[in-house]
Amino acid sequence: MKTSNIITMIAGVIFIGLGIINIVNGTHWWHYVTFIIGIIILILGAYGYKTGKRF
């Protein structure tokens, strides 16, 4: 259970990283969407890791 949450958090970090790279290279609205999705995924993963639940 914890492993899947760690993978979720890693995915969130990757999305945030991609979002930052995209925002630096060009400011299109979907680049911010990628960044926001990354933050949401990271929060869900961290929440699941703390509570031991999957979402």
Among T34, V33, I40, the one residue meeting side chain to side chain contact (heavy atoms under 4.5 Å, CB included) with I36 =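 For I36, the side chain to side chain contact (heavy atoms under 4.5 Å, CB included) check succeeds only for I40.
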Would you be so kind as to tabulate the donor-acceptor pairs closer than 3.5 Å made by side chains of residues 11-25, with sequence neighbours excluded?
from : atom 1 : to  : atom 2 : distance (Å)
N22  : ND2    : L18 : O      : 3.3
N25  : ND2    : I21 : O      : 3.3

Just how far is it from atom CG of L42 to atom CD1 of I39, taken to the nearest 0.5 Å?
->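 Here the interatomic distance stands at 8.0 Å.
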